[in-house]
Amino acid sequence: MIHSLFLINASGDIFLEKHWKSVVSRSVCDYFFEAQERASEPENVPPVIPTPHHYLISVLRHRIYFVAVIQSEVPPLFVIEFLHRVVDTFQDYFGVCTEAAIKDNVVVVYELLEEMLDNGFPLATESNILKELIKPPTILRTMVNTITGSTNVGEQLPTGQLSVVPWRRTGVKYTNNEAYFDVVEEIDGTYTFDPVTKLLSWDVGKINPQKLPSLKGTMSLQAGASKPDENPTFNIQFKIQQMAISGLKVNRLDMYGEKYKPFKGIKYMTKAGKFQVRT
């Protein structure tokens, strides 16, 4: 599936690479750099770039491009989700996911990538399991490893792998167990525009599920401004607490496998996540 992974900083330098099946030359990233030059903004680089012999699938997080090299056709969202999981894992381990943090913990980074992919296929991606396989770096552990020559790799099989729920260790008991459901839906509405901050604010007000509000408009360039090569992209964010636009309701919630009586409750929230509207 995934042959190689390249990490590229904002300056266009490849500061880390990892290969699983076979070594792919760095020259394959030239196709990515060409697409990067054509993009008006860093986030406008196409997430999927076909090349004569490979596919390049990338995500941009914390000003770092994570570029995966694929040799055969695979679901792009599957690879994109894995790349986001890699970034979240680095941030969980190191506190931040920056070029400096990755370079300072390059040994742990390679150990994590080796466990997260097996021959190019995702294996262990849950933080609970990874932290038992690879101990998070600390100053004391780093000093001990330097003196004794040991590593952060654990010596025992993670208990999470023995659980029916991968992200939960076996034998764990809590005084309170809660189950949450997020309902993600799209809505439309009215707006105001601040010409100074270039921020468009949209106040929906009271929402009638029978007749949802809609937002339509046009964009014009300033006098003398050059016409952009590509159509502009709008980033939209919103959140509505305790509201499900579709009217979806959970009628019944059952929990099995627990000897105690759990508390069952539902919270509703409509949120945008990260939407891009391409005109």
Side-chain angles (χ1 to χ4, degrees), residues 1-91 94 96-106 109-110 112-113 116-117 120 122 125 198-200 219 221-222 224-237 272-279:
M1 182 178 155
I2 298 179
H3 279 63
S4 302
L5 176 65
F6 294 94
L7 271 59
I8 305 174
N9 58 21
S11 301
D13 299 325
I14 302 175
F15 66 91
L16 187 139
E17 60 183 274
K18 170 65 177 174
H19 308 279
W20 283 273
K21 291 188 176 183
S22 59
V23 177
V24 179
S25 174
R26 287 189 172 191
S27 60
V28 72
C29 294
D30 292 341
Y31 297 95
F32 176 82
F33 294 141
E34 293 175 0
Q36 187 181 22
E37 292 178 358
R38 294 192 298 267
S40 57
E41 298 291 339
E43 58 270 12
N44 290 341
V45 176
V48 180
I49 302 174
T51 71
H53 303 287
H54 302 88
Y55 293 93
L56 304 182
I57 301 179
S58 64
V59 298
L60 174 62
R61 295 279 299 274
H62 308 289
R63 301 186 64 187
I64 299 176
Y65 289 99
F66 292 75
V67 183
V69 181
I70 314 297
Q71 193 170 21
S72 58
E73 290 190 10
V74 297
L77 292 179
F78 187 77
V79 180
I80 291 175
E81 173 62 24
F82 173 78
L83 294 177
H84 282 294
R85 186 62 63 90
V86 170
V87 179
D88 295 339
T89 300
F90 289 171
Q91 191 166 5
F94 313 136
V96 293
C97 183
T98 61
E99 180 180 356
I102 293 175
K103 288 182 176 179
D104 292 341
N105 301 276
V106 65
V109 168
Y110 278 109
L112 288 172
L113 293 176
M116 296 183 74
L117 277 185
T125 58
K198 308 298 182 183
L199 180 65
L200 185 145
M219 171 174 284
L221 300 176
Q222 295 181 355
S226 60
K227 184 178 180 180
D229 297 334
E230 298 180 1
N231 292 334
T233 301
F234 299 93
N235 294 324
I236 299 177
Q237 295 182 354
K274 184 178 180 181
F275 278 105
Q276 284 190 348
V277 178
R278 298 182 181 271
T279 59

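Counting from 1, the numbers follow the sequence of the chain as shown. Only heavy atoms go into these numbers, but all of them, side chains included; no hydrogens, no water, no symmetry mates.
Put simply, the side chain of Pro47 reaches to within 4.5 Å of the side chain of Ile80, judged on heavy atoms. Side-chain atoms of Ser72 and Tyr55, non-hydrogen and from C-beta on, never get closer than 4.5 Å to each other. Two residues are said to be in side-chain contact when any heavy atoms from C-beta on lie closer than 4.5 Å; Thr51 and Leu56 meet this criterion. Side-chain contact between Leu7 and Glu17: absent, with no pair of heavy atoms (C-beta onward) separated by less than 4.5 Å.
With rounding to the nearest 0.5 Å, the separation of OG1 in Thr125 from NE2 in His84 is 14.0 Å. To the nearest 0.5 Å, the span separating CG on Leu83 from CZ on Phe78 amounts to 11.0 Å. The line from NE2 of His54 to CD1 of Ile70 is 9.5 Å long, rounded to the nearest 0.5 Å. Remark: Ile102 CD1 to Phe94 CZ distance equals 7.5 Å, nearest 0.5 Å. Between Phe90 atom CZ and Asn105 atom CG the span is 10.0 Å, to the nearest 0.5 Å. Taken to the nearest 0.5 Å, the CD1 atom of Ile14 stands 4.0 Å off from the SG atom of Cys29.
Here the shortest heavy-atom pairing between Phe66 and Arg61 reads CE1-O, 4.2 Å. Considering all non-hydrogen atoms of both residues, Gly120 and Met1 come closest at O-CB, 3.3 Å. Nearest heavy atoms, Lys18 versus Tyr110: CD-CD2, 3.9 Å. Minimum interatomic distance between Pro76 and Val48 (heavy atoms only, all atoms of both residues): CB-CG2, 3.8 Å. Between Ala68 and Ile2, the shortest heavy-atom contact is CB-CG2, 4.2 Å. A pairwise comparison of heavy atoms in Pro46 and Ser58 identifies O-OG, 3.9 Å as the closest pair.
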Assess the residue pair Gln91 and Val96 against the criterion (side-chain contact (heavy atoms from CB on, under 4.5 Å)); give the C-alpha distance rounded to whole Å, side-chain angles, the decisive distance to 0.1 Å, and a yes or no. CA-CA 5 Å; Gln91 191 166 5; Val96 293; 5.7 Å; no
Evaluate side-chain contact (heavy atoms from CB on, under 4.5 Å) for Arg63 paired with Asn9, printing each intermediate quantity in order. CA-CA 7 Å; Arg63 301 186 64 187; Asn9 58 21; over 6 Å; no
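Between the side chain of Ser11 and the backbone N or O of Asp13, no donor-acceptor pair lies under 3.5 Å.
Residues His3 and Gln71 bring a donor and an acceptor atom of their side chains to less than 3.5 Å of each other.
None of Phe33, Phe32, Phe6 except one satisfies the ring-ring contact (aromatic ring centres under 6.0 Å, His included) rule with Tyr65; the exception is Phe32. Considering Ile8, Ile64, Leu5, Val106 as possible partners of Leu16, the one that fulfils the side chain to side chain contact (heavy atoms under 4.5 Å, CB included) test is Val106.
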